[in-house]
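Counting starts at 1 for both ligands and their atoms, following the listed order.
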Amino acid sequence: MSIRFSVLASGSTGNAFYVETDRNSLLVDAGLSGKQMEQLFKQIERDMKQLSGILVTHEHSDHIKGLGVIARKYKLPIYANEKTWRAMEGLIGDIPTEQKFVFQMGTVKTFGDLDIESFGVSHDAAEPMFYVFHHEGKKLVLITDTGYVSDRMKGIIKNADVFVFESNHDVEMLRMGHYPWNIKRRILSDVGHVSNEDAGLALADVIGDNTKRIYLAHLSQDNNMKDLARMSVTQVLASKGIIVGEQFDLYDTDPKIPTKLAYV
Ligand SMILES: [Zn+2]
Ligand SMILES: [Zn+2]
């Protein structure tokens with residue numbers, strides 16, 4: 001059997017990603033309250049009791065809001081790199097030592113029938129990293145919260161079967177919007193978030209023959225819209241001769257509604 005996954009919630013209000021194989025049931029980030037997370041699991045007809053662990057990408061609250069509560073309630077192991085562990089101190093409450101595991105950036109960890117590869121991104125957190133899931137020749141990539149997509153990152157994520165890819169903001173909406181200038185500068189910087197246009201440009205470099213699905217993720221509620229993100233990415237790809245719908249499709253993600261549990 002293959003890998004199944006759902007983007008449970010995506011956006012600045014909270015992020016959570018679910019991935020399962022026959023032998024694993026893993027959560028990546030828990031950026032919503034314990035109660036909200038339980039609701040999201042119900043919607044994909046899963047129970048948090050079945051979880052085998054939680055991977056953490058970085059310590060921003062939209063990724064760890066419910067982490068401590070959920071880990072304690074379900075006695076789950078948490079995996080994060082050392083700098084992220086240090087940065088989370090005081091943010092997630094006490095976690096028993098036997099539930100704390102280190103997952104170094106740039107390494108591969110084997111979870112039964114699933115190999116998970118971590119890689120660093122460019123973002124204003126202690127040591128932010130995202131993941132590539134490898135299972136029986138299939139490849140699933142999760143990448144959000146990065147100011148840009150470097151050639152190194154592209155080399156790691158290229159030709160995935162499925163991409164969950166940041167398309168955070170429309171640059172014009174952000175520029176014209178009401179955010180204070182320092183926040184605008186942060187989002188637009190090399191350690192902020194990927195714009196719709198930059199998502200399209202980066203995707204053009206990493207889409208390969210295996211690519212079947214792309215989920216546009218971590219959309220800003222104030223500086224983006226689903227249709228706009230989809231249209232911008234589609235246009236940029238078209239300008240590179242890549243036509244959405246021919247070999248792969250684009251999918252939305254939502255801050256409150258999980259994507260349908262899907263096979264890779
Ligand atoms: Zn985030
Ligand atoms: Zn972040």
Side-chain angles (χ1 to χ4, degrees), residues 5-19 26-33 36-37 40 54-68 70 78-92 103 105 118-132 141-150 153 157 163-171 173-174 177 179-180 182-196 198-199 202 214-226 229 252-259:
F5 69 96
S6 167
V7 183
L8 293 168
S10 188
S12 36
T13 49
N15 296 274
F17 179 76
Y18 175 72
V19 59
L26 294 165
L27 186 60
V28 182
D29 291 338
L32 301 95
S33 73
Q36 287 172 308
M37 295 288 305
L40 294 168
I54 309 176
L55 310 178
V56 180
T57 62
H58 64 299
E59 72 278 13
H60 286 163
S61 67
D62 58 321
H63 296 259
I64 63 164
K65 202 178 292 162
L67 179 62
I70 291 164
I78 302 175
Y79 301 85
N81 63 47
E82 279 165 15
K83 284 183 184 161
T84 302
W85 270 119
R86 238 171 285 144
M88 289 195 296
E89 244 168 66
L91 298 177
I92 58 170
F103 193 155
M105 188 174 87
S118 67
F119 62 96
V121 294
S122 177
H123 191 58
D124 54 359
E127 194 169 72
M129 64 182 194
F130 279 81
Y131 301 99
V132 184
V141 164
L142 175 64
I143 177 171
T144 64
D145 297 80
T146 189
Y148 68 105
V149 183
S150 68
M153 298 177 216
I157 67 176
F163 288 101
V164 178
F165 208 95
E166 171 158 63
S167 192
N168 179 260
H169 56 275
D170 175 79
V171 173
M173 274 183 84
L174 177 66
Y179 281 19
N182 56 320
I183 304 275
K184 290 183 183 181
R185 195 175 59 177
R186 183 225 152 208
I187 295 171
L188 291 167
S189 79
D190 273 0
V191 291
H193 292 279
V194 171
S195 70
N196 295 339
D198 287 344
I214 298 168
Y215 291 74
L216 299 180
H218 214 302
L219 268 65
S220 165
Q221 274 188 310
D222 297 313
N223 305 308
N224 211 350
M225 295 178 285
K226 285 180 189 172
D252 293 325
T253 61
D254 192 272
K256 291 198 178 93
I257 306 163
T259 62

- Note on the structure: Atom name of the N, O or S atom of D62 nearest to the Zn ion (ligand 1) is OD2
- Task: Using 2.8 Å as a strict upper limit, say whether an N, O or S atom of H193 approaches the Zn ion (ligand 1) that closely.
- Result: no
- Query: Rounded to 10°, how many degrees is the angle NE2/H123-the Zn ion (ligand 2)-NE2/H58?
  - Reply: 100°
- Item | Heavy-atom donor-acceptor pair, S6 side chain to T259 backbone, under 3.5 Å | yes
- Task: Classify the ring geometry between H58 and F130 as parallel (under 30°), tilted (30 to 60°) or perpendicular (over 60°).
- Result: tilted
- Message: Can you tell me which N/O/S atom of D145 has the shortest distance to the Zn ion (ligand 2)?
- Response: OD2
- Does the D29 side chain pair with the main chain of G31, one donor and one acceptor, at a distance under 3.5 Å? no
- Item | Atom nearest to the Zn ion (ligand 2) - H60, N, O or S atoms considered | ND1
- Message: Assess the residue pair H63 and H218 against the criterion (ring pair (Phe, Tyr, Trp, His ring centres under 6.0 Å)); give the C-alpha distance rounded to whole Å, side-chain angles, the decisive distance to 0.1 Å, and a yes or no.
- Response: CA-CA 11 Å; H63 296 259; H218 214 302; 5.6 Å; yes
- Item | Check: L219 main-chain N/O paired with K226 side-chain donor or acceptor under 3.5 Å | no
